[in-house]
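Below: one structure, written as structure tokens.
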Amino acid sequence: MNYSLLTIVSYIIGPTLIIVSHIGSLLILITGLSWGSVLWIVLLYVIRMLATTAIYHRLLTHRSYQTPALVLWVGCIVAAAAGQMGPSWWKAHHLNHHQYSDQDQDPHSPYTPAKGLRGFYWSQGGWLLSPRFFPAKLPSNVESDLVLKVIDRLHFIPLVALGAISYFIGGVEYLGAFFLSTTLLFHGVQTVNSLSHIIGKQPFITNDHSRNSWFVAFLTLGEGWHNLHHAFPSSSRHGITICAGRVVYLPDPTFSFIKMLEFLRLGSKLRVPVETDLLARAKNRHFEDSGLPVAVETAVNS
Ligand SMILES: [Zn+2]
Ligand SMILES: [Zn+2]
């Protein structure tokens with residue numbers, strides 16, 4: 001894809017601000033952290049993580065539920081404040097990840113182009129500092145929405161504004177807290193790309209190394225149930241596994257948030273696979289006398 005100079009400049013600002021956040025986090029070594037600034041770190045982490053998982057990932061990219069356009073737009077502005085680029089860029093890379101999971105064209109696999117520690121570094125953020133950073137093409141259904149396109153090209157403004165608000169609220173200490181929250185958030189999201197393809201169980205059959213990891217699920221409000229997600233990408237609920245041949249539901253705060261949107265009539269048409277489909281996709285399944293597939297307890301693959 002031929003990017004305009006303005007788009008190239010706009011996109012490069014993304015990883016630049018993440019590097020600034022890493023360095024800016026050191027401010028807390030000078031100011032220290034009060035309970036108020038600790039609360040600010042956690043609050044900014046949770047809100048921006050939810051926007052990334054519930055809006056960028058499960059709504060914008062996978063359309064696992066529906067919302068009014070205003071919810072999508074506002075959610076994308078909050079997600080852009082996470083400092084991890086805009087909706088076109090985000091969706092383009094994530095669709096590539098699903099299409100080519102753990103193959104050469106996967107933008108951030110821990111198995112290619114490198115393995116081991118270098119593969120971990122690559123999937124945990126190194127890929128953003130390579131030519132792979134620029135998607136081969138941007139999704140037309142995002143680019144055709146003028147609001148989303150503007151958010152994409154001006155993705156850095158919500159982040160910079162949040163930094164300014166932090167400084168306005170609590171001076172240098174809160175600015176340092178904002179940088180630290182942004183840095184932790186960045187690494188939290190990237191663990192889905194790295195650890196969720198390395199550690200955890202694989203209760204479902206997929207053509208990749210995706211895993212269900214409680215540790216990553218904790219950091220990412222439910223996104224760590226990544227093996228389920230690769231098996232059923234359009235499911236709004238990720239917290240599902242197979243245990244002793246039965247479907248078991250796991251804590252999934254992002255799904256709870258989506259259910260809250262539904263309760264408030266801001267979300268609808270939630271897609272969740274039925275149990276017969278889940279069992280049919282489970283590893284080591286057998287069939288009961290009824291003819292329905294029932295999974296045999298799966299082995300741990302890590
Ligand atoms: Zn994945
Ligand atoms: Zn996905």
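Whatever order the structure lists ligands and atoms in, that order sets their numbers, starting from 1.
Using modelled atom types and a 3.5 Å distance limit, the side chains of His97 and Asp106 yield a donor-acceptor pair. In the model, Glu223 has no side-chain atom that pairs as donor or acceptor with a side-chain atom of Thr53 under 3.5 Å. For the residue pair Asp145 / Trp73, a side-chain donor-acceptor distance below 3.5 Å is found, with atom types taken as modelled.
Ile77 and Val46 end up in the same hydrophobic cluster when Ile, Leu, Val, Met, Phe, Trp and Tyr side chains are linked at under 4.5 Å.
In terms of the ring-ring contact (aromatic ring centres under 6.0 Å, His included) criterion, residue partners of His62 (sequence neighbours excluded) are, by chain and number, His57, His94, His98, His229.
For His94, the N, O or S atom with the smallest separation from the Zn ion (ligand 2) is NE2.
For the side-chain hydrogen bond (donor to acceptor under 3.5 Å, both in side chains) with His197, the qualifying choice from Asp208, Asp102, Asn227 is Asp102, the only one to do so. Considering Thr67, Asn141, Val142 as possible partners of Leu60, the one that fulfils the side-chain contact (heavy atoms from CB on, under 4.5 Å) test is Val142.
Within the protein, the N, O or S atoms lying under 2.8 Å from the Zn ion (ligand 1) are His97 NE2, His197 NE2, His226 NE2, His230 NE2.
With the Zn ion (ligand 2) at the apex, His62 NE2 and His57 NE2 define an angle of roughly 100° (rounded to 10 degrees).
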